[in-house]
Every structure is written in C-alpha cells, then in structure tokens.
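Heads up: the structure comes next, in structure tokens.
Small disclaimer: the values here were computed from a predicted structure and weren't measured. Proteins come first, then strands; the chains are lettered A, B, ... in the order of their sequence lines, and each starts at number 1.
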Amino acid sequence: MNEIADYMEILGENIYKIAVYRKASKIIKELKQDIQDILKEDRLREIPGIGKALEAKIKEIIETGECAYHRDLKKQIPEDLLELLKIPGLGAKKIRVIYENLKVKNIDELKAAAEQKKIRDLRGMGAKTELNILKGIKMLEDNRAFTILGIALPIAESIIDILKRVEGVEEIEITGEIRRKREMVRQIELLALTENPHITKKVFKQMPGIKEVLEETPNRCSIFLDVGIKADLEITKERNEFISALYYSTGSDKHIAKMVSIAGTLGYRILKNETIDINDKKITVEKEQDVFNILNMPYIIPELREDCGEVEAALEGELPKVIDIADIKGDLHIHSNWSDGINTIEEIAQYARDLGYKYIAITDHSKSLAIAKGLTERELLKQIEEIKGLNSRIKGISVLSGIEVDILMDGTLDYPDNILKELDIVIASVHTGFKQDKFQMTNRIIKAMNNRYVNIIAHPTGRLLGKRQGYEVIVDEVLKEARENNIILEINASPDRLDLNDILARKAKEMGVKMAVNTDAHEVLRLEEMRYGVFVAKRAWLENKDIINTYPLNDLLNLLKIKKV
DNA sequence: GCCGTTTTCGGCCCGACTGTTTTCAGTCG
C-alpha cells in the first residue's frame, strides 16, 4: 500500500488519494486482528479508512499475492526511482522532473548527474539543490551498511524464538553489536549451542523473509534477509566453546584486545572461538561470568564493552550500577488523541499501569504545530480538567498534565507563562527551523531553558537515525545551561531518534545533568520502546539517580517544582 | 479514495522554510 502511494506521488496523483493509501497501510499494520480473518468475516469495510476500492485491492492482494493497480503503476516508472524519495529535500515533484529530463532511474545515476552538474539546469532547481542531493546521497551511502537497532533487534529476537524450539538446541543467544545494543548495527549475529547443527542450520535457512543464503560451512551459516540485513548463525557443540565464543563475539574488538592483554599478564590466553587456557591447559567456563572471574573482575555487561574505561573500572571495583528497565517508574513524554496520538488518555493510563508504571505524563503538541493538531490554550486547559477527572477515578497510576511546547524560531515558547504554570510538567522542543546556524540554535534552546516553567528539553539534537542529521547546536553550552538551570535532558527512546545518544548522555552525567528516558509514544504499543532508551542509558553508564523517571512520584514532583518558586 | 446527524459532492493536511525565483513551488514536520 505504501509503495502504491510512493508510485502515485511520483506520478502526480491527487494528494488526498495518496494520503488514503498511506493511512490504510498504517491502519493495516496496526490491526490487532489478523487481516485474513477480517477478510474471511467480510468485515474489511468496517475498518475506518477502508472503502470499496481499498477493500477490493486488499482482497486481491491477500488472495493472489499481488495487485493489478500496483503492477500498472510499476510499469510506468522504474522501481528504483522510489529510492530517491529517501534523499532529504527531494520529493516526488523534483524526482519526476529529474526522471523526465535526464532519464535518471536510480540513486547511482542521480549521483552521476549531480556530479556532472546537470541538475542545476533543470526547472526549479539550482546549484544548492544539486549540492543537497549529493549530501543526501552521501548520508544514505554512509548508512547503507547499517540498520537501526529498533529493526535489527526484533528480527534477531524472532529468529531466536524459532531456533530455540529446534530439537537439540540447548542455548541460543544474540551476540555482536546487537548484544552490545549499539544504535545502528551491520548485521545480526547469533550463536547456538546444539548437538544437532544440521537441522538447526536447515531451519535457519528456511525461515520466512530470506532473500538468499550467502554461505554455509559445517559450523556456520549466513543469510541475507528481505529487509536488507545479513544474519549469521554460528554453531558450537560444547558448552565451554559456546561461552568463550559468546564472550569473544560480543566484542567490541577494543574491549577484547584489552582483556586479552590483561589475561596475558596473568598467564592466560583467550582465543577466538576456542576456550580459555593457561599454559595450554584448558579452563572450563560454564557461564560468561567465569571469564571475568578468571581475570579477577566483576561481570561487565555487554552494553559497556566498548573500551571506554569499563575494564579499568572493573579492576578497581568502580563499575557503575547501571539502570535497568525494571527501574523505570513512568514515561514522561506521551501523545494522546488530543493532538496526533491515537489513544485516549485513559487507554494510555491503563496500558502504562499494566506495564507496571506508577505515573505518566501526557504531553501533547502545542498550537503552532498545526499538522500534529497542536492544542490551543483553551483545549489544553480543558485537557488539564479531564486529567484531573481521570486521576480521581483511576487507581494505581498517576497521570501528570504536561505539554510538549514548541520552541519557536526566536527561542520564545508557543504558550505564555500563565498557561505553562498550570501544568505539572513542561517539555520544550524544536520542531521547526532545523537549518538555523549553531549559534542561533544554541541561543534559541538556551532561551527556552531559561523559562522558569520548562522542565525537560526533548530530543535535544533533533536527529533521526540514518535519515536526518541533528540540527547544529553547541552541546557543551546546552549541557552547561542545563546544569545551571536544573533542566532535565531527554533520552528519547524512539529507536529512530535515541536522542541524546550514549556519548552525549555520558557527557551529561559527567557534567552533573539529570536525564529522563521517555518514549515520545503516539500509540500505546510504542510505550514498549522504553527499552531502547534504557539501552542508551546503560551504554552511557547511567545509574538510577541520573534518571528522574526512576524516582518515586513524590521525589519527581519535588524535583519538577524546583524552578517554580 | 474516503467520508457524511450540514450526506452522493466537496472537503480532506496546515504552515513555515528553502531555494528558486522575482512571486512561488516543493518539501517536510
């Protein structure tokens, strides 16, 4: 459906028609019931957004696996042209002009055309457009080899689910970069302990979603998945071998190198995919902890194994007791159907309570973000009343009234102080003017931080992983200001953002800045993405005291009030 | 292409920014 919409866009279809297809694609993805069942019961038309035409096409796709309309569209333009939509600043209209005039069919040809300065002569385009296209292509190329953790991890987990049920599989683990929870990874790496390698590999090769089998050896199998990522399965037959391979393959290379050298000074050898030995006498390792025991150090969790001081800290007994997902007591950045979210506040509260949360904050968009149905002052005051009412009848969770208020171009906020002061929590964030220079942007954010009602700055750098660079901002200045003004910085847990990232979050901690891990969810299912933010926090060495939404409600409320006296 | 208690047509997704123009089209959140 989404692909149909992409084609239509380039072909210049009616924008509302396109929107209907995009919306339908989203609705189908989010269906709680299997679409085949809905079709069987002849209830497709009951889904809002699905009409007669879409019903017929969905039926056709389910029954025949394809759709004539889609085929027709595909005939009209080269398939690879859709890829061009990923280039920031390039939309359907420009792509069409480029295609019709230069016969450019894919990204490589576009790159060549831009390098030959052919783009600048086209209608509506100039040297700047050409440069932006080249920049965009470079960004895509840099990211081509990488997949975001938010895509790779769930796939890895679903493969594990399949393989652990295979006869003879005693243990199976995700390893490599995914195990360390890096924000972007090159491949999925799995390690199995099984007495039946043959059948394990066979199941692995026959899973759904495989594009091709790349390589197979007795102990190894590599596949390439439809979604564009490689998955490796390595097989061990003995526990000893499994544990040392798990440790070794988890990496990082630098971490391992440091550990190997320490092992050397103690007379041990850690060998890749083999066991640990001393003077060629093998040492049995039953669990990963044993590897660290041998070197007289406490267990280092995979998230810390980046050679960023963790080995030294472990030897000195100074490893941080990093935050765990179970420590999170609430989510402080959630959108409801009052703005662009899809659930009611009550649905969100109930879902959050089921997650074990003690509190949440509803933080819809403010009025200037019209596309997200930002709340007017009047609507916001009404929402505050509704939340009061909800709190009086719902048990087991507290709902805070909040807002994600836009930081306008000049650093002023989208609501006056007399509105902001009515709220329990105020998040401020940038959604416009991404191309301001770093001085303007830094001053703009700092100005917002100086508002006495602002508690949190959300997604502080504005990046979208693999899609958009953050805006230019002098992070050191923002961190300094945050410390001085008791401003909390967000670790946005959305796997597309992870903003602050691990490096900046660690820097913030070192400067004494507190943070909040929030999902920014627009639907209840995405409240589950909290774990990705916690991964960042772990990699940043953050402890509970650094993260305000691990605090009990009263402590949190006291902290939020600090600036308000 | 969907929707409708103002229902079979006409509205729906608005407004700011960018880079191109020289008054505005295209893109994006």
Side-chain angles (χ1 to χ4, degrees), chain A residues 1-2 4-28 44-60 67 69-70 73 84-100 114 119-136 335 339-341 364-376 404-410 412 414 429-437 440-441 444 458-459 462-464 467-472 492 494 496-497 499 520 522:
Chain A
M1 286 291 167
N2 234 337
I4 291 180
D6 285 346
Y7 278 119
M8 290 198 295
E9 218 171 347
I10 293 176
L11 289 166
E13 259 288 4
N14 177 302
I15 53 164
Y16 298 111
K17 189 171 160 182
I18 297 168
V20 162
Y21 277 84
R22 289 216 193 282
K23 199 174 146 207
S25 154
K26 192 162 174 257
I27 290 169
I28 293 168
L44 279 175
R45 290 289 291 277
E46 288 172 26
I47 304 168
I50 308 288
K52 199 174 154 192
L54 282 175
E55 179 194 31
K57 290 193 179 83
I58 293 169
K59 211 170 156 187
E60 191 186 349
C67 159
Y69 185 53
H70 180 248
L73 293 169
L84 270 53
L85 284 166
K86 289 184 189 156
I87 299 167
L90 253 201
K93 301 271 172 61
K94 282 186 181 153
I95 290 174
R96 191 158 177 210
V97 172
I98 293 170
Y99 171 59
E100 284 177 349
I119 302 293
R120 61 183 66 195
D121 300 328
L122 299 176
R123 173 171 56 82
M125 284 170 249
K128 267 239 170 91
T129 315
E130 204 170 74
L131 192 69
N132 282 336
I133 286 175
L134 285 172
K135 269 194 209 159
H335 296 272
S339 67
D340 58 346
D364 278 311
H365 288 291
S366 61
K367 62 175 189 282
S368 78
L369 212 60
I371 190 159
K373 291 194 292 174
L375 272 50
T376 61
E404 181 180 12
V405 63
D406 254 64
I407 303 175
L408 304 176
M409 294 295 279
D410 62 356
T412 57
D414 201 15
S429 63
V430 168
H431 290 108
T432 51
F434 283 49
K435 296 204 170 165
Q436 281 183 331
D437 71 42
Q440 277 177 314
M441 186 58 87
R444 176 181 174 188
H459 39 77
R463 71 157 177 184
L464 289 180
K467 293 188 196 128
R468 183 178 78 201
Q469 302 282 334
Y471 33 75
E472 299 279 328
N492 191 294
S494 166
D496 290 316
R497 289 190 182 271
D499 177 15
D520 197 355
H522 287 65

Response to the item:
Rounded to whole Å, the OH-P distance (A:Y21 to B:dC13) equals 19 Å
Worksheet item: What distance, rounded to whole Å, do you find between the two P atoms, one in B:dA16 and one in B:dC9?
Response: 35 Å
Worksheet item: Have A:E60 and A:H70 got a donor and an acceptor in their side chains that come within less than 3.5 Å?
Response: no
Practice prompt. Report the distance from atom NZ of A:K26 to atom P of B:dC2, rounded to the nearest whole Å.
Written response: 18 Å
Practice prompt. Going 5' to 3' through nucleotides 20-29 of chain B, assign each nucleotide B (protein heavy atom under 4.0 Å from a base atom), S (under 4.0 Å only from sugar-phosphate atoms) or - (no protein heavy atom that close).
Written response: S-----SSSB
Discussion item. Between B:dC13 and B:dG1, how far apart are the two C1' atoms, rounded to whole Å?
Written reply: 15 Å
Worksheet item: Taking atom P of B:dG1 as reference, at what distance in whole Å does atom CG of A:L73 sit?
Response: 10 Å
Response to the item:
Taking a pair to mean Watson-Crick or G-U wobble geometry with both distances below 3.5 Å, B:dG19 pairs with B:dC24
Worksheet entry | Expected output: side-chain A:D414 to main-chain A:K367 donor-acceptor under 3.5 Å | yes
Practice prompt. Look at all strands and tell whether A:K435 reaches a base, only sugar-phosphate, or nothing, counting heavy atoms closer than 4.0 Å.
Written response: sugar-phosphate
Fill in: P-based separation of B:dT7 from B:dG11 [nearest Å]
14 Å
Discussion item. Rounded to whole Å, how long is the line connecting atom CG of A:L408 with atom P of B:dG15?
Written reply: 15 Å
Worksheet, complete the sentence: Residue pairs passing the side-chain hydrogen bond (donor to acceptor under 3.5 Å, both in side chains) test with at least one member in residues 8-20 of chain A, sequence neighbours excluded, are A:E9-A:R22, A:E13-A:K17
Response to the item:
Correct closest heavy-atom pair for A:G462 and A:R468 would be O-NH2, 2.7 Å
Practice prompt. Write down the distance between CG (A:D410) and C1' (B:dA16), rounded to a whole number of angstrom.
Written response: 14 Å
Item to complete: Pick the P atom in B:dT8 and in B:dC3, then give their distance to the nearest Å.
Response: 16 Å
Fill in: Same-atom distance (C1') from B:dC12 to B:dC17, integer angstrom
24 Å
Practice prompt. Without swapping roles, check the side chain of A:N2 against the backbone of A:S25 for a donor-acceptor pair under 3.5 Å.
Written response: no
Worksheet item: Can any side-chain N or O of A:E55 pair as donor or acceptor with the backbone N or O of A:L44 at less than 3.5 Å?
Response: no
Worksheet item: When the distance from CG of A:L44 to C1' of B:dG1 is rounded to whole Å, what number comes out?
Response: 15 Å
Worksheet item: Whole Å only: how far is the CE atom of A:M409 from the P atom of B:dT18?
Response: 6 Å
Worksheet item: Base, sugar-phosphate, or nothing: which does A:I18 touch, judged by heavy atoms less than 4.0 Å apart?
Response: nothing
Worksheet item: Do you know which of A:R120, A:K94, A:E130 makes side chain to side chain contact (heavy atoms under 4.5 Å, CB included) with A:M125?
Response: A:K94
Item to complete: Find the distance A:M441:CE to B:dC17:C1' and express it as a whole number of Å.
Response: 12 Å
Worksheet item: How are the rings of A:H365 and A:H335 set to each other: parallel, tilted or perpendicular (split at 30° and 60°)?
Response: parallel
Discussion item. Check the phosphate of B:dG19 against A:N132, side-chain N and O only, distance under 4.0 Å to OP1 or OP2. Yes or no?
Written reply: yes
Worksheet item: When the C1' atoms of B:dT20 and B:dT27 are considered, how many whole Å apart are they?
Response: 13 Å
Practice prompt. Classify the nucleic acid contact of A:K57 as base, sugar-phosphate or nothing, counting any heavy atom under 4.0 Å across all strands shown.
Written response: sugar-phosphate
